[in-house]
**Student:** 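What follows is a single structure, and I will ask about it in a moment.
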Amino acid sequence: MIEYYIWVIAFITIYVSIFWISVMFIEDVKKPKLDKFPFVSLIVPALNEENVIKNTIDSLLSLNYPKDKVEIIVVDDGSTDKTKEIVSAYKDKRVRLILNEHKGVGKASALNKGILNAKGEIVGCVDADCYADNNSLMNMVGHFNSDEVGAVITPVKVLNTRTFFERMQRIEYILTSFIRRLMSYVGTLQVTPGALSLYKKKVIKKIGYFDENNLTEDYEIALRLINNRYKVVMESSIDTHTYVPENFNDLWTQRVRWFRGFILNNMKYKHMFMNKKYGLTGTFQTPINFFSLFVVFISLVLLGYHLFKWLYNLITRILILEWDIFDLFKFPTVKELILNINLKILFPVVVAFLFGLYIYYKAHQYTKEKIKFPIAIFIYLFIYPFLRTAQWVNALLAETFNLKKKW
Amino acid sequence: MVKNKKSIFLFVLGITIMIFVFGFVLGYYMDNFRVNNIDFILKQSELDTESLFVENYFSDIFGLDDCEVASSRLKDYSDKLAYIGNTLTNYENKKMFNKEDYDLLRRRYFLLELRTYTLIKNLKDRCGNEDFDTILFFYDPEQADSSKQGYALDKVVLNNNKLYVFSIDRTFDELLINTVKDYYNITISPAIVLNYEFKNEGFVSSGEINELLQK
């Protein structure tokens with residue numbers, strides 16, 4: 001039974017991997033022309049960000065874009081530290097501070113407040129702990145020449161790589177940025193990360209602003225854009241740099257929130273599933289999303305069952321043999337080792353793994369990142385999937401029992 | 001954006017199918033390799049048993065005393081048989097193709113076991129040798145109790161050099177196995193027959209088997 005399941009999973013995984021590799025080879029990225037400079041309002045939602053807000057504002061002020069065409073709106077969501085004072089101290093007229101009276105109710109509310117006060121025809125959402133490349137606006141804004149484009153995003157790179165968890169996330173972000181680039185090329189990109197995403201303000205107004213009751217407003221707004229036939233594209237020539245959770249607890253909380261958001265929003269937009277009206281997003285990306293969830297849970301059940309069976313057999317054997325079990329063990333010869341290979345399981349797993357490794361290598365090449373932190377890589381490849389599965393289960397249980405949503 | 005999406009998806013599907021076909025071809029050759037390997041060691045054991053059988057027959061007719069020599073060869077035969085049994089089960093669990101070949105190998109293996117089993121009985125009767133014991137073990141490969149019984153027998157064999165165990169799949173459709181089952185009136189799995197006489201159906205612990213063997 002398990003081998004049939006592995007073959008099906010491996011077939012789809014290998015199919016998807018080869019698809020992305022093919023896209024990589026045919027990808028032909030054209031830089032859009034920037035013949036006019038629309039006004040851009042960059043909105044920074046902030047809640048107790050006294051340690052990072054100054055650097056973020058400074059990085060935004062130094063962006064290579066006409067000075068009279070940019071404003072930075074910091075929306076304070078009820079900080080109790082010195083965030084407001086730091087922002088107020090700026091004499092530059094481009095920096096504005098807005099206080100959000102709905103204190104601490106979530107980022108979406110702060111973003112909406114910022115958009116309502118924005119002068120720009122383009123609005124950008126920037127997390128308070130993120131830094132944009134100098135040419136970000138110059139390279140991103142041109143994409144809005146197309147009426148189809150509703151949002152433009154950038155690859156996101158990890159700034160902090162001190163702890164083990166940060167290093168693992170670095171690998172994850174490299175892979176994610178690479179896949180998003182390919183998704184952008186085929187038109188199936190369906191997320192607008194909070195790190196830095198630009199939107200057409202009139203489009204955001206038209207589709208009804210950010211959903212303030214959503215756990216992952218950046219994912220929901222992207223799905224809503226697609227639902228309204230707008231595209232999300234990625235500008236790969238620049239990067240946005242962000243800080244990621246540094247310890248297990250913070251990472252767990254963040255991921256459970258993301259995964260809950262993923263489940264909720266895929267339910268909300270389930271009509272896109274296998275729907276030709278939404279192009280490849282409907283016929284390719286949403287089935288892959290569903291498939292990923294399916295794999296997580298079926299794998300958990302099957303793995304649990306087989307692990308239990310194996311442990312039960314082992315314990316029974318140990319109890320009956322009373323530790324003489326080791327006397328039964330004989331070192332196999334090379335021939336025996338080769339003949340003992342279970343191709344039914346090993347072949348699909350190894351092939352899928354090799355394709356994964358190739359994508360991993362290419363992702364580093366494309367993002368101009370070095371392959372480093374070998375222990376983190378090992379853990380990411382072989383142990384982290386189990387952690388992710390546990391996070392998915394936590395997210396599903398939280399949604400099933402409708403637990404309180406935490407931002 | 002991607003143009004001519006259909007051709008990309010078909011191309012990718014073609015490559016994926018080719019990879020899996022390669023996997024099946026590899027699996028096919030691996031199965032053949034395994035079947036040939038088992039076939040080879042089974043043939044060797046068949047020859048060994050045949051040799052012992054002829055020797056036994058010869059000694060019987062010509063009144064020779066070969067009891068000591070024949071008895072000393074039994075341990076080696078028994079170990080080889082156990083090895084073939086384990087390897088066959090192991091390979092069969094990993095097979096992708098060649099079901100018929102494996103069925104044939106199992107049939108030959110069970111027949112070889114029963115042939116050796118009868119040969120030992122003959123040797124015991126002819127030589128009056130009570131030094132070694134035999135257990136005929138009927139199991140069901142899908143049954144947890146049969147696995148437990150197998151472990152218990154492993155435990156007994158580990159501490160008893162003069163014990164020969166012959167494991168027979170009770171569910172395997174073979175005329176001779178059915179005859180032996182009928183002879184001992186085996187109705188459930190696991191079941192063991194000690195020294196050709198004492199039958200026990202259901203799980204028996206290693207301690208209980210040792211006690212029964214000492215009687």
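Because the structure is a prediction, the values reported are computed rather than measured.
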**Student:** Taking CZ in B:F11 as the centre, count heavy atoms belonging to other residues, nucleotides or ligands within less than 6.0 Å. Is the count above 12?
**Tutor:**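 Atom CZ in B:F11 is not crowded, with 12 or fewer foreign heavy atoms closer than 6.0 Å.
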
**Student:** Heavy-atom distances under 4.5 Å only: say whether B:F33 touches chain A with side chain, backbone, both or neither.
**Tutor:**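 Both backbone and side chain.
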
**Student:** Is there side-chain contact between A:L319 and B:Y151, with at least one heavy-atom pair below 4.5 Å?
**Tutor:**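 A:L319 vs B:Y151: side chains apart.
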
**Student:** Count the heavy atoms belonging to other residues, nucleotides or ligands that lie under 6.0 Å from CZ of B:R115, then report whether that count exceeds 12.
**Tutor:**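 Enclosed.
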
**Student:** Please examine the side chains of B:F20 and A:I14, heavy atoms only from C-beta on, and report whether any two atoms are closer than 4.5 Å.
**Tutor:**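 They are in contact (side-chain heavy atoms under 4.5 Å apart), so the answer is yes.
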
**Student:** Of the backbone (N, CA, C, O) and the side chain (C-beta and beyond), which part of A:F347 lies under 4.5 Å from a heavy atom of chain B, both, or neither?
**Tutor:**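 When you check distances to chain B, only side chain atoms of A:F347 fall under 4.5 Å.
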
**Student:** Tell me, side chain or backbone of A:F355 under 4.5 Å from chain B's heavy atoms, or both, or neither?
**Tutor:**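 Side chain only.
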
**Student:** Count the heavy atoms belonging to other residues, nucleotides or ligands that lie under 6.0 Å from NZ of B:K162, then report whether that count exceeds 12.
**Tutor:**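 Counting other residues, nucleotides and ligands, NZ of B:K162 stays at 12 neighbours or fewer.
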
**Student:** So which atom in B:N37 and which in A:K335 form the shortest heavy-atom distance, rounded to 0.1 Å?
**Tutor:**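 That would be OD1-NZ, 3.0 Å.
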
**Student:** Count the heavy atoms belonging to other residues, nucleotides or ligands that lie under 6.0 Å from NZ of B:K199, then report whether that count exceeds 12.
**Tutor:**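 Counting neighbours around NZ of B:K199, more than 12 heavy atoms of other residues, nucleotides or ligands fall under 6.0 Å, so yes.
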
**Student:** Please look at A:I341 and chain B and tell me whether the side chain, the backbone, both or neither of the residue comes under 4.5 angstrom of a heavy atom of that chain.
**Tutor:**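 Its backbone and side chain both get close to chain B.
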
**Student:** Any chance you could measure A:K344, atom NZ, to B:N93, atom CG, to the nearest 0.5 Å?
**Tutor:**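 It comes to 7.0 Å.
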
**Student:** Does atom CG of B:L175 have more than 12 heavy-atom neighbours, drawn from other residues, nucleotides or ligands, at distances under 6.0 Å?
**Tutor:**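 No, not enclosed.
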
**Student:** So with a 6.0 Å cut-off around NZ of B:K75, is the heavy-atom count from everything else above 12?
**Tutor:**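 Atom NZ in B:K75 is crowded, with more than 12 foreign heavy atoms closer than 6.0 Å.
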
**Student:** Between A:I26 and B:I8, is any pair of side-chain heavy atoms under 4.5 Å apart?
**Tutor:**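 SC-SC contact between A:I26 and B:I8 confirmed.
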
**Student:** Any side-chain heavy atom of A:I18 sitting closer than 4.5 Å to one from B:I19?
**Tutor:**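 Touching, per the 4.5 Å side-chain cut-off.
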
**Student:** Give a yes or no on whether B:D182 atom CG has more than 12 heavy-atom contacts from other residues, nucleotides or ligands under 6.0 Å away.
**Tutor:**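 Yes.
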
**Student:** If you count heavy-atom pairs within less than 4.5 Å of chain A, which of B:K94, B:M30, B:K148, B:M96 leads?
**Tutor:**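 Result: the option with the highest number of such pairs is B:K94.
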
**Student:** With chain B as the partner, which of A:I345, A:N340, A:T316, A:L343 has the greatest number of non-hydrogen pairs under 4.5 Å?
**Tutor:**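 Option with the top pair count is A:N340.
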
**Student:** Any non-hydrogen side-chain atom of B:F9 less than 4.5 Å from a side-chain atom of A:T283?
**Tutor:**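 They are not in side-chain contact.
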
**Student:** Determine whether more than 12 heavy atoms belonging to other residues, nucleotides or ligands lie under 6.0 Å from atom OH of B:Y183.
**Tutor:**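 For B:Y183, atom OH is not crowded (no more than 12 foreign heavy atoms under 6.0 Å).
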
**Student:** How far apart are the closest heavy atoms of A:R317 and B:D154, and which atoms are they?
**Tutor:**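 Smallest interatomic distance, heavy atoms only, reads NH2-OD2, 4.2 Å.
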
**Student:** Provide the closest heavy-atom pair for B:V12 versus A:Y15 in the form atom of the first, atom of the second, distance.
**Tutor:**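 Result for this residue pair: CG1-O, 3.2 Å.
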
